[in-house]
Amino acid sequence: MLADALDRKAARGGWPKGKADADAPLAGHTLAMVFEKNSTRTRVSFDMAIRQLGGSSIVLDAGTTQLGRGETVADTARVLSGYCDAIMLRTDDHDKVEEMARHASVPVINGLTDASHPCQIMADLLTILESGKALPGLKVAWLGDGNNVLASIIEAAGLMRFDVVAACPQGFMPPESDLALGKGRARVVGDPREAVEGADIIVTDTWISMGQAHAETKLAAMMPFQVTEALMARAKPDARFLHCLPAHRGEEVTDAVIDGPQSLIWPEAENRLHAQKSVLRWCFGQIG
């Protein structure tokens, strides 16, 4: 999928963003996008992805659909399967995505849950490859909360054979079940300096996720794990910084880092589009 994303990105050249790719491989296909959580990058990237592949999308917000008034996920899955060719769900409870997939007769894509964020990590891996780094043997340092993004990074490490060292404060470490996804390639430390030492990639995320209270206790625990220029200096000289956005500047990362020469956040954000295109093509069996 990553090779396909790179190829299709290069092939577009200077084409207008709303114009379909020359081969329009998903012409006539419609993607239903269901949002129970706010979204910028997931919403726009999937919308533009299906357009560039020649298809179309329908955006459904939980607050304006029957799903938000008590209709079951199973019933919604069956109905949407009759109208559309694929479903993308962005929600809180991971069980909802699994239930949607069980009852849908079309492909179902995890656009984000509290347990994982796989589409984001596809874009991250694409960005790493674009920067000239190979995935096998790579050292990725994570700083901050042991959250859903970290879980997907760890799972990718087990599949792509790179290593993850996560620096997390006590009480906010990833569960053992998430670490197991890494197949022995992920570990947790308490010292952010140890995590970033010799790292190729530094990654962080917001400390307060959507729907959580702005907890002062959590913020205080996280502050020693802020990504600063001093921490970046402990990584490899050609290390790069990633953040899935939105960022809380001055909390998990300083302006000097996120706006600095080692930051790849804007290519990373754009690559959500190119990664989603390959995810969609994979769902329809067009690529392996």
Got [X] and [Y] here, is their nearest side-chain heavy-atom distance under 4.5 Å?
{"X": "Met160", "Y": "Leu125", "answer": "yes"}
{"X": "Leu53", "Y": "His29", "answer": "no"}
{"X": "Ile153", "Y": "Trp142", "answer": "yes"}
{"X": "Ile202", "Y": "Val227", "answer": "yes"}
{"X": "Leu273", "Y": "Phe46", "answer": "no"}
{"X": "Asp75", "Y": "Glu71", "answer": "yes"}
{"X": "Met122", "Y": "Trp282", "answer": "no"}
{"X": "Thr228", "Y": "Met232", "answer": "no"}

Salt-bridge contact [X]-[Y] (side-chain N to carboxylate O under 4.0 Å):
{"X": "Lys139", "Y": "Glu197", "value": "no"}
{"X": "Asp23", "Y": "Arg8", "value": "yes"}
{"X": "Asp4", "Y": "Arg281", "value": "yes"}
{"X": "Arg43", "Y": "Asp61", "value": "yes"}
{"X": "Asp114", "Y": "Lys37", "value": "yes"}
{"X": "Asp191", "Y": "Arg193", "value": "yes"}

Grab the two heavy atoms, one from [X] and one from [Y], that are nearest each other, plus how far apart they are.
{"X": "Thr127", "Y": "Glu268", "value": "OG1-CA, 3.3 Å"}
{"X": "Pro192", "Y": "Pro224", "value": "CG-O, 3.4 Å"}
{"X": "Glu252", "Y": "Ala247", "value": "OE2-CA, 3.4 Å"}
{"X": "Cys119", "Y": "Arg272", "value": "O-NE, 4.0 Å"}
{"X": "Cys283", "Y": "Ile109", "value": "SG-CG1, 3.8 Å"}
{"X": "Asn148", "Y": "Thr113", "value": "ND2-O, 2.8 Å"}

Could you tell me whether the side chain of [X] and the main chain of [Y] form a donor-acceptor pair under 3.5 Å?
{"X": "Ser263", "Y": "Asp259", "result": "no"}
{"X": "Asp200", "Y": "Ala239", "result": "no"}
{"X": "Gln226", "Y": "Glu251", "result": "yes"}
{"X": "Ser152", "Y": "His117", "result": "yes"}
{"X": "Gln286", "Y": "Pro25", "result": "yes"}
{"X": "Thr91", "Y": "Glu36", "result": "no"}

For this session: Kindly indicate, with the supporting measurements, whether the criterion side-chain contact (heavy atoms from CB on, under 4.5 Å) is fulfilled by Cys84 and Ile58.
Result: CA-CA 9 Å; Cys84 303; Ile58 298 174; 4.2 Å; yes
Say you draw a straight line from [atom1] of [X] to [atom2] of [Y]; how long is it, rounded to the nearest 0.5 Å?
{"X": "Leu245", "Y": "Thr40", "atom1": "CG", "atom2": "OG1", "result": "9.5 Å"}
{"X": "Trp266", "Y": "His243", "atom1": "CH2", "atom2": "NE2", "result": "10.0 Å"}
{"X": "Lys133", "Y": "Phe162", "atom1": "NZ", "atom2": "CZ", "result": "13.5 Å"}
{"X": "Ser81", "Y": "Ile87", "atom1": "OG", "atom2": "CD1", "result": "4.5 Å"}
{"X": "Thr76", "Y": "Leu60", "atom1": "OG1", "atom2": "CG", "result": "9.0 Å"}
{"X": "Lys96", "Y": "Leu67", "atom1": "NZ", "atom2": "CG", "result": "7.0 Å"}

For this session: Check the pair Asp21 / Arg12 against salt bridge (charged side-chain N to carboxylate O under 4.0 Å, His left out), numbers first and verdict last.
Result: CA-CA 7 Å; Asp21 292 350; Arg12 282 196 65 84; 2.5 Å; yes
Examine [X] and [Y] and state if one hydrophobic cluster contains both, with Ile, Leu, Val, Met, Phe, Trp and Tyr joined whenever side-chain heavy atoms are less than 4.5 Å apart.
{"X": "Ile201", "Y": "Ile258", "value": "no"}
{"X": "Val34", "Y": "Val59", "value": "no"}
{"X": "Met1", "Y": "Leu129", "value": "yes"}
{"X": "Val140", "Y": "Ile121", "value": "yes"}
{"X": "Val279", "Y": "Leu112", "value": "no"}

Problem set entry | Verdict with supporting geometry, Gln52 and Lys19, side-chain hydrogen bond (donor to acceptor under 3.5 Å, both in side chains) | CA-CA 6 Å; Gln52 290 187 5; Lys19 184 176 180 180; over 6 Å; no
Problem set entry | Test applied, salt bridge (charged side-chain N to carboxylate O under 4.0 Å, His left out); reference residue, Asp163; option that passes from Arg185, Arg187, Lys183 | Arg185
Exercise. Does atom CZ of Arg78 have more than 12 heavy-atom neighbours, drawn from other residues, nucleotides or ligands, at distances under 6.0 Å?
Worked result: yes
Exercise. Heavy-atom count around Arg161 CZ within 6.0 Å, excluding the residue itself: above 12?
Worked result: no
For this session: Go through the steps to decide whether Lys277 and Lys9 satisfy the test side-chain contact (heavy atoms from CB on, under 4.5 Å), and finish with yes or no.
Result: CA-CA 10 Å; Lys277 290 170 74 173; Lys9 181 178 181 180; over 6 Å; no
Exercise. Checking side-chain contact (heavy atoms from CB on, under 4.5 Å) for the pair Leu26/Phe284: CA distance, chi angles, key distance, verdict?
Worked result: CA-CA 9 Å; Leu26 293 184; Phe284 291 106; 3.6 Å; yes
Problem set entry | Val97 vs Met100, side-chain contact (heavy atoms from CB on, under 4.5 Å): CA-CA, chis, key distance, verdict | CA-CA 5 Å; Val97 167; Met100 183 78 76; 5.6 Å; no
Problem set entry | Arg90 side chain to Thr42 side chain, donor-acceptor N/O pair below 3.5 angstrom |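 Thr42 and Arg90 do have a side-chain donor-acceptor pair below 3.5 Å.
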